[in-house]
K.L.:
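I'd like to ask some things about the structure below.
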Amino acid sequence: MRLPLPQFATSDRHPNHIAEVIETSTTEFLAQCLEPEDLSFPPMPAFGSWVRSIDEESGNQIYAVVYYATTMPIDSVHRAVALGLSLQDLREEQPQIFAMLKTEFRAAIVGFEEPSHAQIPRVYQYLPPRPPQIHQAVYRCEPETIVKFTEELNFLQTLLALKGAPIESLTAAAIREVYQLRKADRQWLVKAGRTLNLLLKDDYDRLRFILSQVHP
């Protein structure tokens with residue numbers, strides 16, 4: 001039986017602090033969302049959204065893209081059953097339901113930022129020496145952080161090499177997210193399209209499928 005994460009006072013929690021690492025590897029990590037203060041499900045991060053954590057040993061900020069999320073019972077024995085109630089009805093009649101469920105997501109690591117005493121820290125768009133450790137906090141990335149990180153587009157190659165994920169849809173979702181945060185910067189979008197064209201020059205079907213999901 002897997003127990004829910006212990007929840008502590010949230011009054012001083014950073015508003016972008018949404019989850020905690022519960023499983024980690026070189027290329028990705030699994031995080032469990034923190035419980036909200038009210039009777040509701042933890043907010044599930046969107047497919048293709050950007051999150052960050054830290055490798056405490058090096059101080060590296062680790063950047064990742066969410067590619068899978070799920071809400072399930074906290075143990076492997078009991079399954080959720082249909083009750084025919086609205087969320088409001090659940091809050092009033094079955095409030096214990098919310099304590100029996102957990103929300104988790106997997107995020108693919110696409111790069112990192114080294115700690116630096118310089119005004120502009122160095123950003124790398126490849127796998128870091130180490131992923132974040134278990135129980136490290138996971139944050140939503142601030143828009144300005146994503147904009148800065150995606151000045152270069154080498155992270156697209158990292159996404160395209162990911163195993164066990166809907167790669168084409170994930171790549172398109174990540175591009176859409178960045179494009180919106182960049183306030184419809186068409187020049188950046190064209191650059192992303194040209195980068196994909198180079199990376200997938202021998203696989204036109206995959207390239208067309210990705211581009212068909214990007215809506216300028």
Side-chain angles (χ1 to χ4, degrees), residues 14-21 24-31 43 45-69 105-133 136-162 165-200 210-211 213-216:
H14 191 284
N16 286 343
H17 182 190
I18 60 169
E20 187 171 313
V21 177
T24 187
S25 69
T26 301
T27 58
E28 63 180 63
F29 56 83
L30 174 67
F47 179 71
S49 61
W50 294 69
V51 294
R52 62 179 174 86
S53 189
I54 191 171
D55 166 27
E56 199 167 79
E57 292 185 28
S58 65
N60 289 338
Q61 287 285 335
I62 311 297
Y63 298 105
V65 178
V66 175
Y67 75 86
Y68 175 81
F105 63 88
R106 291 189 178 274
I109 297 172
V110 293
F112 64 102
E113 180 181 297
E114 285 185 337
S116 174
H117 299 296
Q119 290 185 341
I120 304 178
R122 297 191 64 180
V123 173
Y124 302 90
Q125 293 193 359
Y126 52 80
L127 294 177
R130 284 183 299 270
Q133 291 85 4
Q136 289 291 346
V138 180
Y139 300 86
R140 289 191 190 93
C141 283
E142 297 81 0
E144 58 271 19
T145 299
I146 301 173
V147 168
K148 182 178 73 171
F149 182 83
T150 55
E151 288 293 339
E152 300 298 327
L153 293 159
N154 295 326
F155 73 92
L156 293 175
Q157 187 166 10
T158 304
L159 285 181
L160 291 172
L162 184 65
I167 300 170
E168 291 81 10
S169 295
L170 177 63
T171 303
I175 290 174
R176 288 197 306 269
E177 174 88 357
V178 176
Y179 181 62
Q180 292 171 4
L181 292 175
R182 286 177 168 273
K183 304 186 184 303
D185 182 350
R186 190 168 182 83
Q187 185 175 354
W188 181 90
L189 187 63
V190 170
K191 183 180 176 182
R194 288 173 176 168
T195 301
L196 287 174
N197 186 48
L198 290 173
L199 294 173
L200 297 173
I210 293 172
L211 295 179
Q213 299 178 61
V214 178
H215 312 293

K.L.:
Quick check against the 3.5 Å criterion: does Arg176 have a side-chain atom that pairs as donor or acceptor with the backbone of Gln213?
P.N.:
yes
K.L.:
Could you report the tightest heavy-atom contact between Ala173 and Gly48, atom names first, then the distance?
P.N.:
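Minimum heavy-atom separation between Ala173 and Gly48: CB-CA, 3.9 Å.
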K.L.:
Go through the steps to decide whether Gln125 and Phe149 satisfy the test side chain to side chain contact (heavy atoms under 4.5 Å, CB included), and finish with yes or no.
P.N.:
CA-CA 8 Å; Gln125 293 193 359; Phe149 182 83; 3.7 Å; yes
K.L.:
For the residue pair Tyr126 and Phe112, is the inter-centroid distance of their aromatic rings smaller than 6.0 Å?
P.N.:
yes
K.L.:
Is there a side chain to side chain contact (heavy atoms under 4.5 Å, CB included) between Leu159 and Tyr67? Walk through the geometry before answering.
P.N.:
CA-CA 10 Å; Leu159 285 181; Tyr67 75 86; over 6 Å; no
K.L.:
How long is the span from the CZ atom in Arg122 to the CG atom in Asn60, to the nearest 0.5 Å?
P.N.:
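The distance works out to 12.0 Å.
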K.L.:
Kindly say whether Gln187 contributes a backbone atom to a donor-acceptor pair with the side chain of Asp185 at under 3.5 angstrom?
P.N.:
yes
K.L.:
Looking at Glu114, I'd like to know if its CD atom is crowded, meaning that more than 12 non-hydrogen atoms belonging to other residues, nucleotides or ligands lie closer than 6.0 Å.
P.N.:
yes
K.L.:
Compare all side-chain heavy atoms of Glu177 with those of Cys141 and state whether any distance is below 4.5 angstrom.
P.N.:
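In short, these two side chains do not touch, never coming nearer than 4.5 Å.
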K.L.:
Tyr179 versus Val214: any side-chain heavy-atom pair under 4.5 Å?
P.N.:
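Of all side-chain heavy-atom pairs linking Val214 with Tyr179, none is under 4.5 Å.
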K.L.:
Side chains of Thr145 and Tyr63: closer than 4.5 Å at any heavy-atom pair?
P.N.:
yes
K.L.:
Can you check whether Val65 reaches Leu162 side chain to side chain, under 4.5 Å on heavy atoms?
P.N.:
no
K.L.:
Could you pull out the closest heavy-atom pair between Val147 and Leu181, with the gap in Å?
P.N.:
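Result for this residue pair: CG2-O, 4.1 Å.
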K.L.:
Side-chain contact, heavy-atom cut-off 4.5 Å: Trp188 with Ile175?
P.N.:
yes
K.L.:
Can Glu151 and Lys191 be counted as an ion pair, charged N to O under 4.0 angstrom?
P.N.:
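No salt bridge links Glu151 with Lys191.
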K.L.:
Testing the basics here: between Leu160 and Ile167, what is the closest heavy-atom pair and its distance to 0.1 Å?
P.N.:
CA-CG2, 3.6 Å
K.L.:
Report yes or no: does Ser49 contribute a side-chain atom to a donor-acceptor pair with the main-chain N or O of Val66 at less than 3.5 Å?
P.N.:
no
K.L.:
Which pair of non-hydrogen atoms, one from Asp55 and one from Gln133, has the smallest distance, and what is that distance?
P.N.:
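Between these two residues, the closest heavy atoms are OD1-NE2, 2.6 Å.
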K.L.:
Show your reasoning for whether salt bridge (charged side-chain N to carboxylate O under 4.0 Å, His left out) applies to Glu56 and Arg130.
P.N.:
CA-CA 10 Å; Glu56 199 167 79; Arg130 284 183 299 270; over 6 Å; no
K.L.:
Could you grab the distance from atom CD1 of Ile146 to atom CD of Glu144, nearest 0.5 Å is fine?
P.N.:
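CD of Glu144 is found 9.0 Å from CD1 of Ile146.
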K.L.:
Is it the case that Arg52 places NZ or CZ above or below the six-membered ring of Tyr139, under 6.0 angstrom from the centre and within 45 degrees of the axis?
P.N.:
yes
K.L.:
Can you confirm whether Pro131 sits close enough to Phe29 that some side-chain heavy atom of one is under 4.5 Å from a side-chain heavy atom of the other?
P.N.:
no
K.L.:
Which atoms form the tightest heavy-atom contact between Ile109 and Pro132, and what is the distance?
P.N.:
CD1-CD, 4.2 Å
K.L.:
What are the two closest heavy atoms between Thr150 and Leu153, and how far apart are they?
P.N.:
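Between these two residues, the closest heavy atoms are O-CD2, 4.2 Å.
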K.L.:
How far does CD1 of Ile54 sit from CD of Gln136, to the nearest 0.5 angstrom?
P.N.:
6.5 Å
K.L.:
Would Arg106 and Glu28 pass as an ion pair if we require N to O under 4.0 Å?
P.N.:
yes
